[in-house]
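The first residue in the sequence is number 1, and the count goes up from there. Both counts, for ligands and for their atoms, begin at 1 and track the order of listing.
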Amino acid sequence: MDTTRGYVLFEEDDHKVIWLGWDEDVSSGAIQTNQYLIVNSGKGILLDPGGVHLFSRVVSVVSRFISLDDVESIFFSHQDPDVSSGIALWLGVTNAQVYIHDIWRRFVPHFGLVDQSRITPLNDDGGTIALGSVSLQLVPAHFLHSAANFSLYDPRSRILFSGDIGTAVFPEGKEYPEVDDFDTHTRLMKSFHQRAMGSNRAAARWLETCSRLDVSILAPQHGAMMRGELVKKFYDWFGNLNCGIDFFQSRAGV
Ligand SMILES: [Fe+2]
Ligand SMILES: [Fe+2]
């Protein structure tokens, strides 16, 4: 598979969801990331379009699916540089409005000059982002790992864009875009979730919300996508993992 060109995850009528692929040297030096595009009724939203060094490749892949003039929104799950450090470049080539939690509104200008009127701040509850005929649902994911953090659910494709939740850290050269063997894959997810996810209570809140959603694919910002029955397997695995402060307290000598 040519993973540099991305591929369509879902297409029905006027609605399309695209995984935007990877650089050829996907994990040399920088952690591998996934970027996504949703198109509805000819309008687009970019999800966590990524850092500065990815920008030229991601722009060229996006342009294969939609005119940059029709990218009307950019969603940032949180403030990390691998998510949002390309913000000034993206605002320069699109007319998009940026959606990010309110507490990060005055941090992202440090990635470059950013016109505050182009930022729509989100509150803790999240709410929705309209795109054509679809209403994208923001799922609070605070402290997983960022202090102000969201996942995003697309009810048309039933894809849950989980942000850093579901991250796997691949050995260099061993990347794959979708999980096949879940049990083996957990070895690549475990230490990141133990360290980065805030606490078991934070995880339980997110899992409670997500278990009420009908999810076809869990699409994280790092690692590999999980389809079908693997979504429930992930929920069970994450719900039973000691993470964050609970993990640290459980270690001997801490
Ligand atoms: Fe992050
Ligand atoms: Fe990340």
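Side-chain contact check for Asn242 and Asn200: at least one donor-acceptor pair (N or O, by modelled atom type) lies under 3.5 Å. Between the side chains of Asn40 and His15, a donor-acceptor pair is found at a separation under 3.5 Å. Side-chain contact of His78 with Asp80: a donor-acceptor pair under 3.5 Å is present, judged by distance alone.
Pairs of residues two or more places apart, or lying in two chains, that qualify as side-chain hydrogen bond (donor to acceptor under 3.5 Å, both in side chains) and include a residue from residues 217-236 are Asp82-Gln221, Asp82-His222, Asp164-His222, Glu178-Arg227, Lys232-Asp236. A side-chain hydrogen bond (donor to acceptor under 3.5 Å, both in side chains) check over residues 43-60, counting only residues at least two apart or in different chains, returns the pairs Asp23-Arg57, Gln35-Arg57, Lys43-Asp70, Asp48-Ser77.
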Under 3.5 Å donor-acceptor pairs involving side-chain atoms of residues 119-130, not counting sequence neighbours:
{"unit_1": "Thr120", "atom_1": "OG1", "unit_2": "Gln97", "atom_2": "NE2", "d": "3.2"}
{"unit_1": "Asn123", "atom_1": "OD1", "unit_2": "Asp125", "atom_2": "N", "d": "3.0"}
{"unit_1": "Asn123", "atom_1": "OD1", "unit_2": "Gly126", "atom_2": "N", "d": "3.2"}
{"unit_1": "Asp124", "atom_1": "OD1", "unit_2": "His101", "atom_2": "NE2", "d": "2.7"}

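Protein atoms that are N, O or S and lie under 2.8 Å from the Fe ion (ligand 1) are these: His78 NE2, Asp80 OD2, His145 NE2, Asp164 OD2.
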